[in-house]
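Below is one structure, written out as structure tokens, with a few remarks after it.
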Amino acid sequence: METLQLKAYAKINLGLDVVRRREDGYHEVRMIMQTVKLFDKLTFRLLEEREIRIKTNLGFLPVDKNNLVYKAVKLLQDTYGIEKGMEIDLFKCIPVAAGMAGGSTDCAAALVGASRLFGLDLNKKELMELGVKLGADVPYCVLRGTALSEGIGEVLTPLPPIPDCHILIAKPAVSVSTKFVYEHLDAEGIKAHPDIDGMIAAIKEGSLRGITDRMENVLETVTIPKYPVIAEIKSCMKKQGALNALMSGSGPTVFGIFEREEDAYTAKRLIQERKLANQVYVVLPFNQKTNR
Ligand code: ATP
């Protein structure tokens, strides 16, 4: 029985700017992406029949054609005329509908896993080209590490790894639809744009403070007024020694960057005691160069 197990890592946005709203309704973005060591586990098993079966630990997730893992396997079957199928056990840890690209990273891992078990052995570039058909963030989830993401998220420029730090992730018990946030963003009305170029320079210099001083996300203007708990979590992290704290993607997940691991754990405990968030983790950044 051929099986394969892969980790699908989550991302945070160290910076997120919206440049403009295009005529077709899509938003042009400039984002600094960072993979973090918070992951879902996918176990793949090759099936002789042309079926796709998904099992997951989260009862409320779709396991049919609406799951991005299903879509990834189906895309490979259809593109390459594969007559075999796949059973996937999806163990989720990444918060859902949280701004951490949980679905997109599962999709990327499914492309990698199915490509191997179907004997296609596609390279990164080929997987990224297929991935963009399923979601703007999927190519980045194939690439991983630190990167600048432009266009609608699919134009990627790898950057050097960020300096060592501890990242506290806290997801309050609310779900945010990415579509809702972008629809309510007044893209032309944004006055102060994040200093994305300055952050890129700081990453190249290896300056953690240079990075954290420039952490900004224009989507906070939509999500925070709706869910003020996000601002409370940010302030709690900063009071406990975070160099800075920010909402990731369209939220509601907040992350804080800490130099000292013990400060991150103190903030974690406080956030849990005050019931500000129900999913709280201290993690490390994932480094693409070393693949760890
Ligand atoms: P992003 O950061 O890309 O905006 P997100 O964290 O906001 O992503 P996801 O966790 O990817 O959002 O999930 C959003 C919705 O997608 C879920 O409500 C779920 O119904 C659907 N979905 C489909 N496949 C998956 C999957 N494998 N994991 C999680 N959600 C999935």
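Not measured: the values here are computed from a predicted model. Just so you know, ligand 1 is whichever comes first in the structure, and atom 1 is the first atom listed for that ligand. The first residue in the sequence is number 1, and the count goes up from there. Excluded from the calculations below are hydrogen atoms, water molecules and symmetry mates; all remaining heavy atoms, backbone and side chain alike, are included.
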Inset, instruction - Decide whether an N or O pair under 3.5 Å exists between A98 and ligand 1. - result: yes
Legend entry - By side chain to side chain contact (heavy atoms under 4.5 Å, CB included) - contacts of D121 (at least two apart): R116
Legend entry - 4.0 Å heavy-atom contact, K92 with ligand 1: yes
Inset, instruction - Run down the list V138, V181, D106 and name the one with the heavy atom closest to atom 26 (C) of ligand 1. - result: D106
Legend entry - Nearest-neighbour protein heavy atom for atom 23 (C) of ligand 1, which is reported as residue plus atom name and distance: N66 O, 3.4 Å
Inset, instruction - If you have a sec, work out which protein heavy atom is nearest atom 2 (O) of ligand 1 and how many Å separate them, to one decimal? - result: A101 N, 2.8 Å
Legend entry - Plane angle bin for Y9 and F286 - parallel if under 30°, tilted between 30 and 60°, otherwise perpendicular: tilted
Inset, instruction - Establish, from distance only, whether the side-chain atoms of T35 and Y140 form a donor-acceptor pair under 3.5 Å. - result: yes
Legend entry - Any N or O of P62 closer than 3.5 Å to N or O of ligand 1: no
Legend entry - Protein contact for atom 16 (O) of ligand 1 (heavy atom, distance under 4.0 Å): no
Legend entry - atom 24 (N) of ligand 1: the protein heavy-atom neighbour that sits closest, reported with distance to 0.1 Å: L68 N, 3.0 Å
Legend entry - For G102 against I94, the heavy-atom pair lying closest together: CA-CG2, 3.9 Å
Inset, instruction - Could you see which bit of T178 sits under 4.0 Å from ligand 1, with heavy atoms only: side chain, backbone, both or neither? - result: side chain
Inset, instruction - Using distance alone, decide if ligand 1 has a nitrogen or oxygen within less than 3.5 Å of any nitrogen or oxygen in G103. - result: yes
Legend entry - Residues D89 and R45 bridged, charged N to O under 4.0 Å: no
Legend entry - atom 7 (O) of ligand 1 - nearest protein heavy atom and its distance: G99 N, 3.3 Å
Inset, instruction - If you have a sec, work out which protein heavy atom is nearest atom 25 (C) of ligand 1 and how many Å separate them, to one decimal? - result: N67 OD1, 3.9 Å
Inset, instruction - Verify the contact flag for atom 21 (C) of ligand 1, where contact means a protein heavy atom under 4.0 Å away. - result: no
Legend entry - Geometric cation-pi criterion, K65 with Y70: 6.0 Å, 45°: no
Inset, instruction - Check each heavy atom of V176 against ligand 1 and say whether those closer than 4.0 Å belong to the side chain, the backbone, both or neither. - result: neither
Inset, instruction - Look only at the side chain of T221 and the backbone of V218, and say whether a donor-acceptor pair between them is shorter than 3.5 Å. - result: yes
Inset, instruction - Say whether L90 and ligand 1 are in contact under the criterion: heavy-atom distance to a ligand atom below 4.0 Å. - result: yes
Inset, instruction - Before accepting this row, confirm whether a basic side-chain N of the pair E188/K191 lies closer than 4.0 Å to the acidic partner's carboxylate O. - result: no
Inset, instruction - Look only at interatomic distance and state if S250 has a nitrogen or oxygen under 3.5 Å from any nitrogen or oxygen of ligand 1. - result: no
Inset, instruction - Using a strict cut-off of 4.0 Å, indicate which atoms of ligand 1 neighbour a heavy atom of M100. - result: 2 (O), 6 (O)
Legend entry - V181 side chain reached by T178 side chain, heavy atoms, under 4.5 Å: no
Legend entry - Nearest-contact summary for atom 13 (O) of ligand 1 - protein heavy atom, Å: A97 N, 3.8 Å
Inset, instruction - Could you tell me whether the side chain of K238 reaches within less than 4.5 Å of the side chain of L243, counting heavy atoms only? - result: no
Inset, instruction - Establish, for the pair K226 and F180, whether the NZ or CZ atom is under 6.0 angstrom from the six-membered ring centre and no further than 45 degrees off its axis. - result: yes
Legend entry - L61, portion touching ligand 1 at heavy-atom distance under 4.0 Å: side chain
Inset, instruction - Go through the side-chain N and O atoms of T43 and Q5 and say whether any donor and acceptor fall under 3.5 Å apart. - result: yes
Inset, instruction - Report, in ascending order of atom number, the atoms of ligand 1 lying under 4.0 Å from any heavy atom of G102. - result: 6 (O), 11 (O)
Inset, instruction - Would you mind running through ligand 1 and noting each atom that sits below 4.0 Å from a heavy atom of D137? - result: 3 (O)
Inset, instruction - Look at E49 together with K84 and state whether they make a salt bridge at an N to O cut-off of under 4.0 Å. - result: no
Inset, instruction - Do me a favour and list the nearest non-hydrogen protein atom to atom 18 (O) of ligand 1 with residue, atom name and distance? - result: V96 CG1, 4.0 Å
